[in-house]
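Contents: one structure, followed by commentary.
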Amino acid sequence: MPMEKTFNAAEAEERLYAAWEMAGAFKAGANAKPGAETFCIMIPPPNVTGSLHMGHAFNNTLQDILVRWHRMRGFDTLWQPGQDHAGIATQMVVERELAKDKSNATRREMGREKFLEKVWEWKGKSGDTIITQLKRLGASCDWSRNAFTMSGAPGAPASDEGNFHDAVIKVFVDMYNKGLIYRGKRLVNWDPHFETAISDLEVEQIEVQGHMWHFKYPLAGGETYEYVEKDADGNVTLRETRDYISIATTRPETMLGDGAVAVHPSDERYAPIVGKLCEIPVGPKEHRRLIPIITDEYPDPSFGSGAVKITGAHDFNDYGVAKRGNIPCYRLMDTKAHMRADGAAYAEAAAVAMSVARGEKTLSEAETDALNLVPDDLRGLDRYEARSRVIDQITAEGLAVTVLMKSIDKETGAEHLERLPLVEQNRMMQPHGDRSKVVIEPMLTDQWFVDTAKIVEPALEAVRKGMAAQEAGQFDKTANYTRILPERDAKTYFHWLENIEPWCISRQLWWGHQIPVWYGPDGKAFCGDVYEAAIELAEEHYWALHEAGTLAQTLGYSEDVRIKGIKVFAEEFGDIVRHDEMGRERAVPVDTAHVEVLSDGDGTVIGIFLERDPDVLDTWFSSGLWPIGTLGWPEETEELKKYFPTDVLVTGFDIIFFWVARMMMMQLAVVDQVPFHTVYVHALVRDEKGKKMSKSLGNVLDPLDLIAEYGADAVRFTLTAMAAMGRDLKLSKDRIAGYRNFTTKLWNATRFAEMNDALRQHVGGTEAARKPDATHTVNRWIIGETARARLAVDEALAAYRFNDAANTLYAFVWGKVCDWYVEFAKPLMDGDDANETRATMAWVLDQCYILLHPFMPFITEELWGQTGQREKLLVHADWPECGADFIDETADREMNWVIALIEEIRSARAQMHVPAGLKLPLVMTAMDEKGRAAFARNEPMITRLARLDGMTEGTAPKGAITVPVEGGSFAIPLEGVIDIAEEKARLFKTLEKLEKDLNGLRARLSNPKFVESAPEEIVEETREKLTLGEDEAAKLNAALKRLSEIG
RNA sequence: GGGUGAUUAGCUCAGUGGUAGAGCGCUUCGUUCACAUCGAAGAUGUCGGGGGUUCAAAUCCCUCAUCACCCACCA
């Protein structure tokens, strides 16, 4: 059955993918040669909530190219797929899903266990959307090994394989035991929408219009001081008596939690009042809090008034000052960033805070945190509502700093000056949650941290070594180091890691790996992989206390309780929801609700109940273990032994910090090995205007739509051809259409072969590699060109220069095979060389399919199947090894000569407006031996492609156009057809251009320094160019002269 | 404020020391038996400005301008 006219991608893709899967073509080790080297890529796991976007398409196309390329070359290849459980994103999706039906219970109503059931249910239903989509792209992952970062966690369906959970928990426990993980009350980025802490990286700075208010903090007891301002020369510009200190703030509502006012130690203006107390000008008048004026390096004397209010619990800079100055940090908000409504009434709390400020009392951290200093009338308000009330109250009291401003009376229209509160408007960067998009509230809470400073060094060292080796050209992929390509991204990596902050890994969510720590009633933490382990630790701990005689006291029993024994219990989940001090929910084991004291006559056995930490781990903590976790660690699996360390990580620059750096740190910390030898960082896919694709801008190109419209091969090839290292990629549909045309071109070249019986029927897969026996120059030439293409593709891919590889193939297939070889083959198809040409063409096309397969897997597999009875699918065909020995320099030179001649003739014809259909005679006016032989061997091709009507030897007749070539000259008589003036113009133009080049060459050669300093080969090349050029110029001059004689 | 990068044909971009290329677009011609999702021919560039190193610079160095991104941040 003859081939269709074009490739029907929509029809073929699904069928072909199914065939690959059916054949197990993507399985780990498929097509591996005996004893082969391994090649392993870990997919950057897409979120389980994800659907394929352009970034995925790009990222996975590049991986697929590397994987298919290695697999065809016989490597023992594994492309490990999987998905990330994506804590916040998934919890959000499921909650939203539940909310769609009002009859559903909310997450809180249903409780932790029930909710997690729902999440698992959702995952089972919708979790593999992206897998289906990756398949449409042609991704050749070993889906039988599909991994999930929550596999093996409690609640996971029994049918699911894998146990990533154990690996995560084991790492946590190990790191905890090594002191690499700690818990502490720190100021963290709090997302009030999701009510969880988030890491620095999950915070996004967004520029917003901000306001800055200026308020007066009166000095205690009405005290006054001489406020003096000086200019740069020390001249006094302002001198006045003040009874206040002026403060600027963008967050007036946090004034309620101020612990001090700070000024720079060198600031003379405030020197007289340092150490004194001032009053926070808000709250009930009779309970105004006094706070000290302190010095710290942080305030910038040249900014604002030079004095800064210090709210340690709600600002990162202030927190630092508070820590240094031992200033209490008063938390003002709850988990929703509403003003606190808990604890004692304001009057009582303020009194306590006052005695602290006066130094009469000190509070523990917990006591300080328990103190609610929000005035009663502001309690429970949203932070922004509280802000505006605070401003109103202060302004009403006359304590806002005012300025004289022109204002217009609305009724009379009269202009007058008025004192108005000073509110500066300025653009400022404000932290937002990257998922919730709400303003982040710095919040003092207990969180778990990875002490990154302790594990960062090996991760830095490994890349330093890798980059050094790369630079020195001595990169060894078996060494325990890693290179990052392009180099620029290594710089980013270094910069971040060299300035790394502790990593907050606890999240107040339910969906995720629950932290394996249990707390005793005395607050003591016990960390173990399972609760039995925690119980063991707890028993040890409490027995020790018991033996020391302090157990009763520690647990709050009266001292005369005689303790005989201890029994420890723990529950992982509970049904009772209790609120902790932050107002957030904690699932509490039901049994702890009634701790029993068991008597047994002789003494007392105390039942001690451990409560598990309700928090889960940051998603990136688990994905940081992706390389070992997917291979079965901590078990010493075959796969782990074989494929780890993996080879290449292909990823976008946006997750260098989130993921790459953490994988490096964690793999090195856990197994002391780098997770991969190479990180290839690619850029972002943008829209055709260079804008980041985003849903809100509506400029998103959906890869699935594009695949439907142009076929997966065209989409893949476009992305690859544009994947210049390190540069953003602006995608346009025109470009994709262009590469779709390329697939059609390949298809039609095959059709030509089919029509000419030039396909290799009944030839096995391995046969494809055999070099065809060719004697004709054309065939020897194209064989060499094919080898060149193969060498260039391999070299480009080895260097991760995907665009070079793609462009090489494009130029080869279209520019060489289709434009020239197929055309040359036409006249040969019914001559003596027909069989040889058919065989060569079949071979060349096979090489095209094979070489293009990693880039365009579908159409090439289809063509492979349609053009022969093959032993193997193309996906497992042997990668060509044709190399330099396939290149025939003689044939090369000859064909280049032929091509140049044809192009010359065509060009001359076009410029002389010779009708395209008109066949012209050719006259050889002069030619050397080589030229004659070349012409003779290729005459049918030249005649056909240049549209000639035979060749004769002789002198150029009058009114002929001249065609100079290397070694001789041709003429085409066009008496009466050509316009002499036009031909002269044509020749003159050519000559002019040539002369310009020649002058440049002559100038270089006449410069003695050039001849002296430039490399021999460059000088020689320049000389050759000059000789050839001068030769041609002579011919052109002669032709011009002839024309002048007749014209 | 710190960092990184970009500036090349009308557009989008390759090009890391040897005298500038591709795709798209544009102009002219063409229903030659693989392909009009095509073919042939063609036009278009002070390689952002200035300075330097070099026999030789789009390429290396300095500087200026503009733009982009990342990180941090002024209460």
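Quick caveat: nothing in here was measured; it's all calculated off a predicted structure. Just so it is clear: chains get the letters A, B, ... in the order the sequence lines come, proteins before strands, and each one is counted from 1.
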Closest listed nucleotide, where the reference is the side chain of A:Ala248 and the choices are B:A75, B:A34, B:U37: B:A75
In whole angstrom, give me the gap between the C1' atoms of B:G23 and B:U19. 24 Å
Which nucleotide in B:A14, B:G30, B:C73 has an atom nearest any side-chain atom of A:Asp804: B:A14
Students often get this wrong, so: under 4.0 angstrom with heavy atoms, is A:Arg947 touching a base, only sugar-phosphate, or nothing? base
First locate atom CG of A:Leu845, then atom OG1 of A:Thr867, and finally report the distance between them rounded to the nearest 0.5 Å. 8.0 Å
Roughly how far apart, to the nearest Å, are B:A72 and B:A57 at atom P? 43 Å
Taken to the nearest whole Å, CD1/A:Ile656 to P/B:C69 is 17 Å
Do A:Tyr810 and A:Tyr739 have ring centroids that are under 6.0 Å from one another? yes
For A:Lys989, report the nucleic acid contact type (base, sugar-phosphate, nothing); a contact means any heavy atom under 4.0 Å. sugar-phosphate
Quick one: label A:Pro1008 by what it contacts on the DNA or RNA (base, sugar-phosphate, nothing), any heavy atom closer than 4.0 Å. nothing
Lys/Arg N to Asp/Glu carboxylate O, A:Glu995 vs A:Arg1002, below 4.0 Å: yes
Whole angstrom is fine here: how far is it from CG in A:Leu1005 over to C1' in B:A56? 12 Å
Any N or O donor-acceptor pair under 3.5 Å from the base of B:A34 to the side chain of A:Glu823? yes
Ignoring backbone atoms, establish whether A:Lys5 has a side-chain N or O less than 4.0 Å from OP1 or OP2 of B:A36. yes
Gap in Å between the two P atoms, one belonging to B:C60 and one to B:U32, rounded: 49 Å
Hey, does A:Lys826 reach any base, or is it just sugar-phosphate, or nothing, if we go heavy atoms under 4.0 Å? base
Mind checking if A:Gly815 touches a base, just sugar-phosphate, or nothing, with heavy atoms under 4.0 Å? nothing
Answer yes or no: does a side-chain N or O of A:Trp814 lie under 4.0 Å from OP1 or OP2 of B:G39? yes
With the criterion set at under 5.5 Å between ring centres and under 30 degrees between planes, would B:C74 be stacked on A:Phe303? yes
Output the rounded distance in Å from CE (A:Met841) to C1' (B:A34). 9 Å
For the backbone of A:Ala307 and the side chain of A:Ser305, can you confirm whether one donor and one acceptor N or O come within less than 3.5 Å of each other? yes
Choose from B:C73, B:A34, B:G39 the nucleotide whose nearest atom is closest to any side-chain atom of A:Asn317. B:C73
Suppose we call two aromatic rings close when their centres sit under 6.0 Å apart. Are A:Phe653 and A:His682 close by that rule? no
I'd like the P distance from B:U28 over to B:C62, given in whole Å. 49 Å
Nearest-angstrom distance, P atom, B:G45 to B:G5: 31 Å
Checking base pairs now: Watson-Crick or wobble, both atom distances under 3.5 Å. What partners B:C69? B:G3
Strictly by Watson-Crick or wobble contacts shorter than 3.5 Å, is anything paired with B:U19, and which nucleotide is it? none
Picking from B:A34, B:C35, B:A41, the nucleotide nearest the side-chain atoms of A:Arg906 would be B:A41
Given atom CD of A:Glu1024 and atom P of B:G18, what is their separation to the nearest angstrom? 18 Å
By nearest atom, which of the nucleotides B:A41, B:A34, B:A14 is closest to the A:Met755 side chain? B:A34
Sub-3.5 Å donor-acceptor pair from the side chain of A:His314 to the main-chain atoms of A:Pro442, do we have one? yes
Counter-base of B:U59, judged by Watson-Crick or G-U geometry with both distances under 3.5 Å: none
Checking side-chain polar atoms at under 3.5 Å, does A:Glu202 have a donor or acceptor matched by the opposite partner on A:Ser199? yes
Specify the separation, in whole Å, of atom CD1 of A:Ile484 and atom C1' of B:U4. 14 Å
Short side-chain N/O contact from A:Asn741 to OP1 or OP2 of B:C38, under 4.0 Å: yes
Both distances under 3.5 Å, Watson-Crick or G-U wobble: report the partner of B:A34, or none. none
Among the nucleotides B:A34, B:U37, B:U19, which one has an atom lying closest to any side-chain atom of A:Lys745? B:A34
Checking the side chain of A:Arg740 only, and the main-chain atoms of A:Ala714 only, is there a donor and an acceptor separated by less than 3.5 Å? no
Pick base, sugar-phosphate or nothing for A:Arg735, based on heavy-atom distances below 4.0 Å to the nucleic acid. base
Of the candidate nucleotides B:A75, B:C70, B:G18, which contains the atom at the shortest distance from the side chain of A:Thr250? B:A75
Taken to the nearest whole Å, CZ/A:Arg1002 to C1'/B:G18 is 19 Å
So, is A:Lys491 close to the B:G5 phosphate, meaning a side-chain N or O under 4.0 Å from OP1 or OP2? yes
Span that lies between the P atom of B:A20 and that of B:C47, in whole angstrom: 10 Å
Check whether any side-chain nitrogen or oxygen of A:Arg488 sits under 4.0 Å from OP1 or OP2 of B:C70, and answer yes or no. no
Length of the line joining A:Asp296:CG and B:C74:P, which is rounded to integer Å: 14 Å
By the 4.0 Å heavy-atom rule, please label A:Tyr298 as base, sugar-phosphate, or nothing. base
How far does the C1' atom of B:A6 sit from the matching atom of B:A58, given to the nearest Å? 14 Å
A:Arg906 with A:Glu904: basic N within carboxylate O range, under 4.0 Å: no
If you check every side-chain atom of A:Arg801, which of B:A41, B:C71, B:G15 has the closest atom? B:G15
Given that A:Thr492 and A:Arg1004 both sit by RNA chain B, which one's nearest nucleotide is further toward the 5' end? A:Arg1004
Among B:C55, B:G30, B:A34, which nucleotide sits nearest the side chain of A:Asn1007? B:C55
Which nucleotide in B:G42, B:A75, B:G18 has an atom nearest any side-chain atom of A:Gln911: B:G42
In whole angstroms, how far is the C1' atom of B:C13 from the OH atom of A:Tyr810? 14 Å
Euclidean distance for C1', B:G25 against B:C13 (whole angstrom): 14 Å
Starting at the 5' end of RNA chain B and moving along, which residue's nearest nucleotide shows up first, A:Arg740 or A:Lys1009? A:Arg740
Side chain A:Arg735, main chain A:Thr718, donor-acceptor under 3.5 Å: no
Categorize A:Lys996 for me: base, sugar-phosphate, or nothing, with a 4.0 angstrom heavy-atom threshold over every strand shown. nothing
